[in-house]
Every structure is written in structure tokens, then in C-alpha cells.
Amino acid sequence: MHSANLKILHAPADLQTMADAWRRSGKQIGFVPTMGALHEGHAALMRQARAASDVVVASLFVNPTQFGKGEDFAKYPRTLDSDRERARAEGVDVLFVPDSAAMYPTGYATFVDVEGLSSVLEGASRPGHFRGVATVVIKLLNIVKPHTAYFGQKDAQQVAVVKRMVADLNIDARIVVVPTVREPDGLALSSRNVYLDAAQRSGAPVLHRALRAAAERIRHGVTDAPGLKAEMADMITSASSGVVDYLSVAHAETLMELTTVSTGVPVLISLAVRFGTTRLIDNILVDSNS
Ligand code: PAF
């Protein structure tokens, strides 16, 4: 285990000073941005960062600008003590835990909008969400100065938005995407799973089954995207109390919705489904070549 002495930093300037020193001494900085409530999915990001970096920084900040009115900002799980222990166990060297005033001081006025990609799917259901994500991610990259930053495939659209921003704004960091970690029954790990009651929890694995079934149909040559979405909707509603927010069969990079799945086009099948007040997302990538 790497870092028996995990350091906790709160001030952006302290971390910037430290990052400058690491860079001067030729150290590779790996970075895992999180909102805390750490689970095995975050641990997988940390392990990958640990294996490839000299220094690993993780951030823990429930970013208010990416939550809409009426969303779960206030009740988002905050579990600093167990997060600290998990970060330590995964060999994180520095845990950056800023407060809102440090990240958005009085007079704060700058936001990053990644056009197009931000307004579909999650962005259509959660206006302003990706503006908040892009803004906090560029701030964190400027504070941590990582060579490589690690994101989960579970938030596929966030990955697309961050990659676009990093390319468009010439940000000198590599973005690595880590596969979704799942429960044995297929449910994607999410900090929001704790909100599910027993019946919702036992119905929720149908999301992954529906995604896999659609991916399988594409691999077998089915090209009718609306038909695939109808089949997924049937599967989900007949096996659970889930209420579909959206189902999407889209180009994996542009996120443009497809009507026909063409050979050679990378496809992202994604969904958002509500179980009571809990909204779960999941996705699967399929290469229609294969
Ligand atoms: O994926 C998350 O947890 C958040 O969106 C991120 C990237 C930490 C930004 O707040």
C-alpha cells in the first residue's frame, strides 16, 4: 500500500504549489475527480491511477453548479470519514477537499459551455448540468495539473463532454476512461443506489439486462434503433417499477440519435430511468462492426 500518510488539502493554492513541485521533479500526476460517497467504481479509477502514476490526487467535492433546482444536492450522500479511509486504502497520496467558497468565491463569474453535446440526453433532462461539470472539471484540472485524469464509462456523456473540452481548450491532460463496475446482478455502481428501497433495488438490474439485450440485437444485425428502444422500454417496465426518462441509441462520439444503426458506426446505448425519486443512468458501448 502506497500512502500510509494520505494528505488532505483544502486550499486550491496549496495543491497548485505542490503540483508545481511534483512536475518540476518529473513526477507523473494521476487524478481522480469525485463527489465522494466513494464505492468500488471510484476504487477502480484510483487503482488505475495508482498503477500508472507517481503521485495520485483524488478530489472530493459535491459541486453545486452541476445540480439543478429540485435535484439532490442537499441530500447527496456525504461520507468523508469512510471516503478518506477508502482513498488511503487505494494508495491515494492527496485528497483535495475544497469547500464551495474556495471553488466559487464571491464574484465568481466564469462558466464553460460545451455546445451541442451538453444539451442532449442527460443535458436535456438536466439543463445546466454539463455546464457545471465542465466548469468544475477545468477548475480541478487547473488546480491539480495532472498528466492523466480518470473518468468512469458509467457517465458516458460526461466523458464525451470532458474529452471535447480538453481537446477544444488545448488542456494538457490525458483523459482515461475506466469500465463501469457492476454489482454481481449487473446493476452499475452509483452513489445514488443507496436511495433505492428493497423492491426498487431488486428491479433495477433490468437496466443492464435491457442494455445487453439491445447490444446483442445490434451484433446480430438489427438496425432499427426506434424498435430497439421500444423493446428496451418493454423489458424495463414489465420487470420493474422503473419509469423511463429516456432511452437512446446514438453515435458514441457525437451523441446524435440514430434511426438506423449502420455498420462501422460506434454506438452508445444509454438510458435514464426513475425508481421513485431516484434517477439511475447506465449505458453500453457497441461496435456495430463486431
Ligand atoms: O462524476 C462525478 O463524480 C462528477 O461529475 C465530477 C467529474 C467529479 C465533477 O463534479
Side-chain angles (χ1 to χ4, degrees), residues 1-63 65-66 80 83-100 102-105 110 112 114 132-155 158-181 191:
M1 210 171 297
H2 244 262
S3 47
N5 30 19
L6 171 73
K7 241 190 187 37
I8 311 255
L9 292 182
H10 300 283
D14 290 348
L15 186 45
Q16 281 172 316
T17 304
M18 208 172 246
D20 285 339
W22 289 326
R23 279 191 165 251
R24 271 198 306 276
S25 60
K27 293 210 158 83
Q28 285 289 315
I29 307 171
F31 175 45
V32 180
T34 85
M35 297 204 302
L38 301 181
H39 51 62
E40 265 306 301
H42 299 108
L45 302 179
M46 290 171 179
R47 282 198 281 273
Q48 199 151 328
R50 183 67 278 166
S53 324
D54 298 313
V55 204
V56 177
V57 179
S59 62
L60 200 162
F61 178 58
V62 185
N63 172 37
T65 64
Q66 70 189 73
L80 180 58
D83 289 349
R84 191 196 307 113
E85 288 324 302
R86 193 181 277 266
R88 196 192 307 280
E90 296 304 338
V92 170
D93 297 296
V94 171
L95 195 56
F96 177 51
V97 191
D99 62 18
S100 280
M103 292 297 275
Y104 301 108
T110 305
V112 177
V114 178
V133 169
T135 300
V136 83
V137 168
I138 197 171
K139 286 172 66 65
L140 290 167
L141 294 175
N142 284 333
I143 293 166
V144 180
K145 310 187 185 196
H147 296 87
T148 311
Y150 296 81
F151 289 83
Q153 172 62 28
K154 157 102 185 337
D155 295 302
Q158 170 168 282
V159 166
V161 167
V162 168
K163 281 185 166 172
R164 183 80 260 162
M165 175 182 76
V166 163
D168 288 355
L169 298 183
N170 307 90
I171 298 169
D172 190 13
R174 199 164 65 95
I175 302 302
V176 169
V177 184
V178 178
T180 303
V181 179
S191 306

_Criterion salt bridge (Lys or Arg N to Asp or Glu O under 4.0 Å) against Asp93, the qualifying member of Lys7, Lys27, Arg50_ =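 When Lys7, Lys27, Arg50 are each tested with Asp93, the salt bridge (Lys or Arg N to Asp or Glu O under 4.0 Å) holds only for Arg50.
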Can you tell me how far [atom2] of [Y] sits from [atom1] of [X], rounded to the nearest 0.5 angstrom?
X	Y	atom1	atom2	answer
Leu95	Leu15	CG	CG	10.5 Å
Tyr104	Phe61	OH	CZ	5.5 Å
Ile171	Asn142	CD1	CG	7.0 Å
Leu80	Leu60	CG	CG	6.0 Å
Met103	Asn63	CE	CG	7.0 Å
Asp54	His147	CG	NE2	9.0 Å

Non-hydrogen side-chain atoms of [X] and [Y] separated by less than 4.5 Å:
X	Y	result
Arg86	His42	no
Ser53	Ile29	no
Phe96	Pro33	no
Arg84	Val97	no
Trp22	Val144	no

*asked:* Using a 3.5 Å distance criterion without hydrogens, assess whether the side chain of Arg23 forms a donor-acceptor pair with backbone atoms of Lys145.
replied: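 Yes, Arg23 side chain to Lys145 backbone: donor-acceptor pair under 3.5 Å.
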*asked:* Closer than 3.5 angstrom, by distance alone: can the side chain of Thr135 be matched with the main-chain N or O of Val112 as a donor-acceptor pair?
replied: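 Yes, because the side chain of Thr135 sits within donor-acceptor range (under 3.5 Å) of the backbone of Val112.
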How close do [X] and [Y] get, heavy atom to heavy atom, and via which atoms?
X	Y	answer
Ala102	Pro98	CB-CB, 4.3 Å
Ala134	Val161	CB-CG1, 4.4 Å
Gly36	Asp83	CA-OD2, 3.3 Å
Tyr150	Ala52	OH-CB, 3.5 Å
Ser59	Leu140	OG-CD1, 3.9 Å
His39	Gly41	ND1-N, 2.9 Å

*Listed by chain and number, what are the salt bridge (Lys or Arg N to Asp or Glu O under 4.0 Å) partners of Asp14, not counting sequence neighbours?*
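For Asp14, no residue satisfies salt bridge (Lys or Arg N to Asp or Glu O under 4.0 Å) once neighbours in sequence are set aside.
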*Got a sec, which residues hit salt bridge (Lys or Arg N to Asp or Glu O under 4.0 Å) with Arg47, two or more places apart in sequence or on another chain?*
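Checked Arg47 against salt bridge (Lys or Arg N to Asp or Glu O under 4.0 Å); matches are Glu40, Glu90.
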*Residues Leu141, Val166; criterion side-chain contact (heavy atoms from CB on, under 4.5 Å); working and verdict*: CA-CA 10 Å; Leu141 294 175; Val166 163; 4.2 Å; yes
_Over 12 foreign heavy atoms within 6.0 Å of CZ, Arg164_ =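 Not more than 12 within 6.0 Å, no.
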